[in-house]
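Since the structure comes first, as structure tokens, the remarks are kept for the end.
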Protein chains: 8
Amino acid sequence: MSSEQLRQLARQLLAGECDLEQFVSLAAIEAQASAAAEAATVDVDRAARCGFPEVIYGEGKSAAVIAAIARQLLEREQSVLATRVDAAKAAELQLAFAGLRYNETARTVRIDSPMAKPAGSRGSVAVISAGTTDLPVAEEARETLDWMGVETRLIQDVGVAGPHRLPARLAEFVSCDAIVVVAGMEGALPSVVGGHVACPIFAVPTSVGYGANFGGVAALLSMLNSCAANVAVVNIDAGFKAGYLAGIVATRATKS
Amino acid sequence: MSSEQLRQLARQLLAGECDLEQFVSLAAIEAQASAAAEAATVDVDRAARCGFPEVIYGEGKSAAVIAAIARQLLEREQSVLATRVDAAKAAELQLAFAGLRYNETARTVRIDSPMAKPAGSRGSVAVISAGTTDLPVAEEARETLDWMGVETRLIQDVGVAGPHRLPARLAEFVSCDAIVVVAGMEGALPSVVGGHVACPIFAVPTSVGYGANFGGVAALLSMLNSCAANVAVVNIDAGFKAGYLAGIVATRATKS
Amino acid sequence: MSSEQLRQLARQLLAGECDLEQFVSLAAIEAQASAAAEAATVDVDRAARCGFPEVIYGEGKSAAVIAAIARQLLEREQSVLATRVDAAKAAELQLAFAGLRYNETARTVRIDSPMAKPAGSRGSVAVISAGTTDLPVAEEARETLDWMGVETRLIQDVGVAGPHRLPARLAEFVSCDAIVVVAGMEGALPSVVGGHVACPIFAVPTSVGYGANFGGVAALLSMLNSCAANVAVVNIDAGFKAGYLAGIVATRATKS
Amino acid sequence: MSSEQLRQLARQLLAGECDLEQFVSLAAIEAQASAAAEAATVDVDRAARCGFPEVIYGEGKSAAVIAAIARQLLEREQSVLATRVDAAKAAELQLAFAGLRYNETARTVRIDSPMAKPAGSRGSVAVISAGTTDLPVAEEARETLDWMGVETRLIQDVGVAGPHRLPARLAEFVSCDAIVVVAGMEGALPSVVGGHVACPIFAVPTSVGYGANFGGVAALLSMLNSCAANVAVVNIDAGFKAGYLAGIVATRATKS
Amino acid sequence: MSSEQLRQLARQLLAGECDLEQFVSLAAIEAQASAAAEAATVDVDRAARCGFPEVIYGEGKSAAVIAAIARQLLEREQSVLATRVDAAKAAELQLAFAGLRYNETARTVRIDSPMAKPAGSRGSVAVISAGTTDLPVAEEARETLDWMGVETRLIQDVGVAGPHRLPARLAEFVSCDAIVVVAGMEGALPSVVGGHVACPIFAVPTSVGYGANFGGVAALLSMLNSCAANVAVVNIDAGFKAGYLAGIVATRATKS
Amino acid sequence: MSSEQLRQLARQLLAGECDLEQFVSLAAIEAQASAAAEAATVDVDRAARCGFPEVIYGEGKSAAVIAAIARQLLEREQSVLATRVDAAKAAELQLAFAGLRYNETARTVRIDSPMAKPAGSRGSVAVISAGTTDLPVAEEARETLDWMGVETRLIQDVGVAGPHRLPARLAEFVSCDAIVVVAGMEGALPSVVGGHVACPIFAVPTSVGYGANFGGVAALLSMLNSCAANVAVVNIDAGFKAGYLAGIVATRATKS
Amino acid sequence: MSSEQLRQLARQLLAGECDLEQFVSLAAIEAQASAAAEAATVDVDRAARCGFPEVIYGEGKSAAVIAAIARQLLEREQSVLATRVDAAKAAELQLAFAGLRYNETARTVRIDSPMAKPAGSRGSVAVISAGTTDLPVAEEARETLDWMGVETRLIQDVGVAGPHRLPARLAEFVSCDAIVVVAGMEGALPSVVGGHVACPIFAVPTSVGYGANFGGVAALLSMLNSCAANVAVVNIDAGFKAGYLAGIVATRATKS
Amino acid sequence: MSSEQLRQLARQLLAGECDLEQFVSLAAIEAQASAAAEAATVDVDRAARCGFPEVIYGEGKSAAVIAAIARQLLEREQSVLATRVDAAKAAELQLAFAGLRYNETARTVRIDSPMAKPAGSRGSVAVISAGTTDLPVAEEARETLDWMGVETRLIQDVGVAGPHRLPARLAEFVSCDAIVVVAGMEGALPSVVGGHVACPIFAVPTSVGYGANFGGVAALLSMLNSCAANVAVVNIDAGFKAGYLAGIVATRATKS
């Protein structure tokens, strides 16, 4: 931690913006972050090479490591998205980054770079979920798309066993550039949606369920075997990846 | 083989109803059948106890053994249904039983007992299949229901990826007493049908498919995890069992 | 939450029917329920279309969401059944609904609508369990049948390794309209019961067991491969679904 | 078969364009096709609804059924693509359709409608395969893209164990609209390609391999767990689906 | 091959006991057997150490190798049992060993040593099978027990779905020293038998079945999870091993 | 609870043999046990039919239910063995049964009936374990054998990777009537032991291990595929069952 | 515990080197260790036979047992390595062994014997990990190599999705004697590394990941199917084993 | 095919070294090989980079493709090894390459380059197999080692159930630089060998077996869970890979 950072923290303490305990824990994060920053090799050229900056996968990383990577990205004027961040870590990070927004359902952290250029119109994507229990995964996809600057609408609770629900909402998603469908249990929703639309569908099986669901494997197999030709699959609970894929499709569909 | 049986065969030979080769093979079946009849313990009380006679599972049984069991059932005035009988065995049996009907798609053999009482009205069942490749399993279910005296209609090719197909045919099955749904690939059809009707659905996963279908396991898991409350599942390719279950439900619904 | 609801709660507080903590938590539920009621799209036409109202699957739903759905059903004069509700949520709900009954073993919540018409005789179903550890699943099936107005008897502890137990109780279930059999470990009970009766059997594998039971998969496979023709299978631990299926069979058998 | 069709066949016979055996087998196909045409409900509105006509999945369908569906599509001025057609069926079909092209490696059949409007530029897609044994699946993807009017280049034999091969060919695929990556064995290629490009990648695991490959499951799992964010997965050996998905992405990227 | 062996073969040829083709093939076996006899290290001390001689597992061994091992055993006055020998190999061996008996159902080869001492009474074992398709495995067990000198009775076709069959035959096996139970499908029979008797049961799952039987895994899991305490399990289709285990238990129970 | 029982408890309280808390909890157990005793149908004829009394499987049973069953057995002069009893339940039971012995490693409870006749010599069994972590399962087997009156010796820590350990202890188990081998990890020990002895071996895979051990499945498969003919397998961690099987073999070997 | 040991402990207490609580817990460990030392049969000849002393696998062993084995090794002038030791046990051991070093990430304990001869140069090994979450396994490998006296360098965070990272560090590992590659998720790293080098690679799949990773199985299968010829695999998370194998290869490469 | 090649073939024809049919088929191979040589990108720098030339994996490659690659290698003075070549392809290749040696058991093809420098002493490796059915895999390993110039000895038939066999042959492999152990069934042999030696062991599970062997998975899991620290695993039936790994270890151990 540079003495400049320490000075700033001390000022916050004196100004009553944080109490003593927060000051100590904050200083610890900063100190660790400085150390971690040297160890971690952030893929800073990713935005140039792949169109979007690196996303931080939070699972198994300490708040200090996340902070270190976030700082490197912000220094390069790239907005930060971190996924799989639990509430405790998010609280620690909140002290270190002023404008940080935490979505507790999605377990995502967002820190906008003030320097990031506003994205022009980048297409539209629908995120459709089968049941209320699929919401965390759907929200992770939605946050990802929002971070990419893609217009997104979330359509909940349209499971296949209520046959009147889906057609009623068809108008909301039939003209999207790509669709993310999130479903657990029998995983039938992507096939049904796929028959109604022309765009690519990124299906996310969720681990919600019990019995012979096997932590999402039943839904995963169902989706892989979909008879609809426009359904691709990502890993169980991988809301981020489905959102990212839909986002790059939508961005490209409207770029040219 | 009794000498009476031999005499009858010889007459057929003389009358030119069978040629020498057929005569020899027929005599062999009869001889083996006599021997097998002693070994096999047919559950002849089953019709009294369970409402329907024993059904012969043909896989792994020789034509002679099937013939022996069939003869015991016919002697008790019970009509015969044998499943999983391949074309070669069926041809052998055809020589031994006059009115035998073989369904090559379903691989079923039927021999009606002239003494069997005509069943009164026994309800109605729909057999719905997702694709043309599911037909053999659907036909096995249909033959079983027909043998039970239940009115059956077969609705083909209503897979979920063609969303306009199913509703168009709703009128044909919404008032049935039970429904058999046969589907491979993602196995989503039973859930979708289940949301439209009030009666029980017996779902049969089929081994049709490739890749991560795993010989029907993908469809099986999908069906077990169905979010529709009225969907029960039977083994992969078990058209007979689904037909039988639908048949006893329909029979009971109309009996009283 | 309407001011009318708040007034009523305040009255309860003043009358000592709840203490301050309960008042606060109750108000929070109501407020959330109001919000949730707009989000959740309850399938209110289900009773007309499928014969029975929607059942609330409690897993992954907050007390507020359950309450919101329950209220919508009660407003339509439909009795409520919620499954997979843990004790903590049930306690919260108990404050909001006067006549609520919670079955801790089955983890079900029941709220009768005073307007619901008394069902006429709706047939009878036996629920048979192999061991005492299968009781929670069997109870879930029993509660479901009771909610459907079907006469039910529970027969416990008749595992196949005690060969004298089952025949002794045959009289109790041989004339039922349908049977639910709940079993873990080797899952052999449905086959054995199936050989004794003519009606359909809905088999529920339970996740009870250890070693190569694999959370119920051993019993599931055993039941799918049952050599008895009248055995259909539902998901592991799916007591509700087996009860519901048996219930619609029994209802139809006695309806006409 | 209409008498007009029969007359035409007879003329071909007289003209020596087919011999007697071919005439007989051709007449049989036509007769069956007429019958099948009534049974099969072709999704003829699919082109309007989804942008591309229905594709015929040839596995488990007879030549007659394929011919019947193809005819319906051609009548609506839609070009035909049939997948999973073995050489024997293709030979039968060749007699019935003049301009039919069969790709023996891909096992695809193509029949162009002379009325089909020439597609404008529809973007470009690379199909990359890890080894020579992955070629059939890669070819199925390539044929699909070609049928969709998408410019495609096939890059073979760039497995990860030869580390100098991939970078050498980077220029050929870095600016594509979408990429199909076909790989068996350890399935690592999509991840490696994914790190180099910004566009979506549709990964196809192949069943090529031995030992603990489990018919493609090893590659499937590897691809689902890819650490590259732009990798979506389709079923094992599902070259058509990957091609189709890449095709609709490319079409949309260049449409607007 | 020693010249003595060749001389003997030539004598057989001259005496018309074998024709020229048989002579050639026989000489080839002998020559190979001589070579193999040096390579193969037969565990000739096994009879002393373990009570019974080594058994030859025929799968993957040529007739020459089997012959070489058999000869070594016979030289030590030990009777030969070879399992998993197909009909073609058995025919080859028949030429080389005079008193060889081949059981085509069990696929076993037996060659008695004239020097082997007659075993005294060695207890009794029942081999019980669920269906006729389980017979090959049951026969392998029975042949093994017969080779060990244990009195054996075979009880067929007592599957659990015919509930009256097993009790009727209880008297035949209740006093045995050990029981082998062979069953496919749901594998429930060992549990049911286990509840009736006091002796150890060796359960053999068979690969007979279809659908979710998975080549015997369903029956295997069912048997491992048996709630009967006296049920041990051997590998799928391992009739020999179950017979051998039952045989050593029976031998020991009567030895002292 | 009879008033006689209550009186006795009160006396213990007054005499200072238990304190007030113990008195209350004890009275609760007794009351529940009385209720449970009516519900539970103990298989009291088992000792006559199978040679040994019923064993109580403690998992999922409350202390009250265990106590009720134990009491019924003791009333019939049968000694009690309960398995899978955790320390908390054992402590509760200790209050209710004077001479109860709890083995914390094996998690077994033993209560001897003073009326049980002393068993004569009942053979000898070795329990061999591969590593110290397999001890709980080995101890469960040992306790079971002890309860059956069979002489048992426990041989620990003879894993196959220390090749000098096993032969050194051969003398201790070579003449046993049966052997229980407990092993996790690669499960190779039963095969190695099996090659040294003539008696039957009951192999117990344990769930100890990590990685691709899959909770004991690796060891289970290894044991099922053992090339030693005298190895039978029981479920993962099923120390009781292996002990019981070895016990009945040993008892029978010495009975006659 | 010998009185000599007790005296020493008491001296430490008096000298204030440990407080009373530590004294008590230390004495308990020593007492148990004395007991355990008799039970445990340490493979003390292993260093002579296999080149390195026995390594203590800490999982499932108490601190007392670990201490007992460690003491026996130290008495034979062998340095101690214990793996899978959690922090609580390590703290207990720290009191008993002066120079003990605990690596919390790797969960390893090291105690050097002052008598152990300094190893000469023993080759060099690189330990490469794909992501930061693989660090604990990589560290276990590194500690093992360090204990063996092999020069080791740790190269972190070179996952395949960042394609520029690996080549940049090629110089650091291309001339090693062996390489350990640790990777979770898709497990592609060993194949990619394998294509660059000539030495053997020991690949360790890690259980890090989610969804269809199945606790490391996805990475395990990927590594087993590696198309690079120089990749061998060890169990999931088995950092020690990979380190040990690489160590013996390096030692031998430099020994001669 | 160059005219020079054609001229040479014609000369062989005239000289009677091949007949007309052989001439035609040979010319076809050459022509295809020329075409293939352009398509196939042989990794010709591999010998420099990795110490040994590329090995041709024959499965799924035509004789022409194999010939093309072989020619490129020979042109660079590298000796050829091709694995998984069936007898038919080998016969075709035999015509094209004079000194080709085919090992029918191992299914390997070897063509030595006359220019290849004789390898100096390159260490020694033992290949140990459990049963005669494992021989093809063991032979593939042995051929690979021979091609690498490593001294190899093959030790057959030392399965763990014959406990006296292994120690008797210890002297033959205790001082090797590396050992390949090939085993099916329970896969216990590597662990047992591992306890006797200090060098690394490369274990190959084989798909030999039946029942719950699952095509080698039982042996694979057993080997992965080996308690011996010096056992690494390769894919099922991967004799080449195990041989190659052992070979590079041996080469390096003796190089310096």
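Atom set for the values below is all heavy atoms of this structure, side chains included, hydrogens, waters and symmetry mates excluded. All figures in this text were calculated on a predicted structure; none of them were measured in a lab. Order of the sequence lines sets the chain letters (A, B, ...), proteins ahead of strands, with each chain counted from 1.
For the atom pair OG1 (G/T133) and CD (A/E59), the distance works out to 9.0 Å, reported to the nearest 0.5 Å.
Scored by the salt bridge (charged side-chain N to carboxylate O under 4.0 Å, His left out) test, G/R107 finds no partners at all (sequence neighbours excluded).
Neither the backbone nor the side chain of A/F214 comes within less than 4.5 Å of any heavy atom in chain G.
For a heavy-atom cut-off of 4.5 Å, chain G lies close to A/N235, A/I236, A/D237, A/A238 in residues 224-240 of chain A.
Counting heavy atoms of neighbouring residues, nucleotides and ligands inside a 6.0 Å radius, atom CD of G/E104 does not exceed 12 of them.
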